[in-house]
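Everything below concerns the one structure shown next.
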Amino acid sequence: MDKSVNKNILFELFSGRATPLQKKLIEQWLLEPENRELYYEWLDEWENQFIQILPNTEDALQKSLQKIAQNEAYLTPIFVEPTPNFFQQNFRWLAAAAVVLLVSFGVFITRDYIFYKNYQTAFGEIQKIQLPDGSQVSLNANSALKVARFGFGTKTREVFLTGEASFSVKHTIDNQRFIVKTDKNFEVEVLGTEFNVYARQKEAKVVLNKGKVKLNYTVGKKAKQLTMKPGDLVTFNRIGQAKVQQIEQPQNYSAWQEHRFVFEQTPLKEVATMIQENFGVKIEFRDEALSQRTISGAFHAENADELLQVISELLEINFNRQDNNVTFFE
């Protein structure tokens, strides 16, 4: 870490008293990823000390965008005498356009990083997360969760999920809604409950363990709502239509938190999809009929190899693995 930037210098920046040299040092210091989390820790500490002058981050962003727009005059291309070569003719114009594009892209990326904290898991990884409002989240493998850095639990309780997660939502005194948004044309709205959300490429579903949740979803351009009760499993088809069914053991759908996999007459083809989503291992079948064989039971597996071995022994079939490609055969 660059020792030239410390808490006192950042406090000067937050108070609006930083010198141009200090601002330049901080700009260079923030290029290192490990310094960014420290930046937000000190920002939070400064905010708690000077509550009467909380920074308006959205307003600051808009002012920065305005300054960029005002400075575009400095990027005006200087035309030179035309030559037969197109790139020589337009080099300065192209360079100016590239600078504007890079600045705009940088502002977009920075904005997302400033306003949201992103959690992401790799294949085979499960992450436990405690949100600022006391709610608990278990993020399954190959998934991502985006949470507001500022005002979570007071101004908003919205999170954005890609993949799969299990939620234990803490009820608030003022009955503030907790909303899980997805990119699958549905969101889950709750007050305090336990549920599992699965929103991956091939399928989307919600399972309710405790409490009550409301699903807001769209079919085509029509907005719809559905209230779930404990034990309900709601699945969404490719056009967004919802199907509700009651299941006896909803907790099985979140057994992955303990590295357990529960199957009930599940076709091997579906098991293969689950293994690919969780461990990044692609499975093929030498015989298509083999993919329709079913498997039942609860199995503990920390990685793909353990689960593949269990399936092989249970169904008395063989498999061959090369890197992340697996073939099942008789």
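We count residues from 1, following the sequence as given.
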Between atom [atom1] of [X] and atom [atom2] of [Y], what is the distance when rounded to the nearest 0.5 Å?
X	Y	atom1	atom2	answer
T19	R17	OG1	CZ	12.0 Å
Y217	K224	OH	NZ	5.0 Å
M274	L268	CE	CG	10.0 Å
L307	I275	CG	CD1	4.5 Å
F152	F150	CZ	CZ	14.5 Å

[X] to [Y] - nearest heavy-atom pair and separation:
X	Y	answer
E258	H300	O-CD2, 3.4 Å
K117	Y119	CD-OH, 3.6 Å
N118	Y116	ND2-O, 3.7 Å
L315	T294	CD2-O, 3.7 Å
D174	T172	OD1-OG1, 2.8 Å
V219	G240	CG2-O, 3.5 Å

(message) Is it true that, when you exclude E248 itself, more than 12 heavy atoms of the residues, nucleotides or ligands shown sit nearer than 6.0 Å to its CD?
(response)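 No, CD of E248 has 12 or fewer neighbouring heavy atoms, counting only those of other groups under 6.0 Å.
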(message) Would you say the ring centers of F195 and F167 fall short of 6.0 Å from each other?
(response)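 When the ring centroids of F195 and F167 are compared, they turn out to be within the sub-6.0 Å range.
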Do any N or O atoms from the side chain of [X] and from the backbone of [Y] form a donor-acceptor pair under 3.5 angstrom?
X	Y	answer
S138	A165	no
N142	E277	yes
R293	I295	no
S166	N196	no
T121	Q127	no
E125	A122	yes
Q309	E306	no
T162	S143	no
E164	V197	no
K128	V137	no

(request) Compute whether any side-chain donor of one residue and acceptor of the other, for Q322 and N325, lie under 3.5 angstrom apart. (result)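 No, no side-chain donor-acceptor pair sits under 3.5 Å.
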(message) Side chains of T273 and E270: any donor to acceptor distance under 3.5 Å?
(response)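 Not at all, the side chains of E270 and T273 share no donor-acceptor pair under 3.5 Å.
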Between [Y] and [X], is there a side-chain heavy-atom distance shorter than 4.5 Å?
X	Y	result
I126	W256	yes
E330	L290	yes
N216	I179	no
F178	E158	no
R177	R157	no
E264	I247	no
R200	N140	yes
V326	E284	no

(request) Treat each ILVMFWY residue as a node, draw an edge where side-chain heavy atoms are under 4.5 Å apart, and state whether V244 and V207 are in one component. (result)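 V244 and V207: separate clusters.
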(request) Treating Ile, Leu, Val, Met, Phe, Trp and Tyr as nodes and any side-chain heavy-atom pair under 4.5 angstrom as an edge, say whether L145 and V213 lie in one connected cluster. (result)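 Yes, one cluster joins them.
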(request) Report the relative orientation of the aromatic rings in F186 and F236; use parallel for angles under 30°, tilted for 30 to 60°, perpendicular for over 60°. (result)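 Correct class here is parallel.
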(request) Cation-pi check, K146 to F160: give yes when NZ or CZ is under 6.0 Å from the six-membered ring centre and within 45° of the ring axis, no otherwise. (result)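 Judged by the rule, K146 and F160 form a cation-pi pair.
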(request) Decide whether a cation-pi geometry holds between K205 and Y198; the criteria are a distance under 6.0 Å from NZ or CZ to the six-membered ring centre and an angle within 45° of the ring axis. (result)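 Verdict for Y198: a cation-pi partner in K205.
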(message) Regarding K212 and E189, does a basic nitrogen lie under 4.0 Å from an acidic carboxylate oxygen?
(response)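 Answer for the salt bridge query: no.
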(message) For residues 230-242, which residue pairs pass the side-chain hydrogen bond (donor to acceptor under 3.5 Å, both in side chains) check, not counting sequence neighbours?
(response)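 Of all non-adjacent pairs touching residues 230-242, those that pass side-chain hydrogen bond (donor to acceptor under 3.5 Å, both in side chains) are D232-Q246, N237-Q241.
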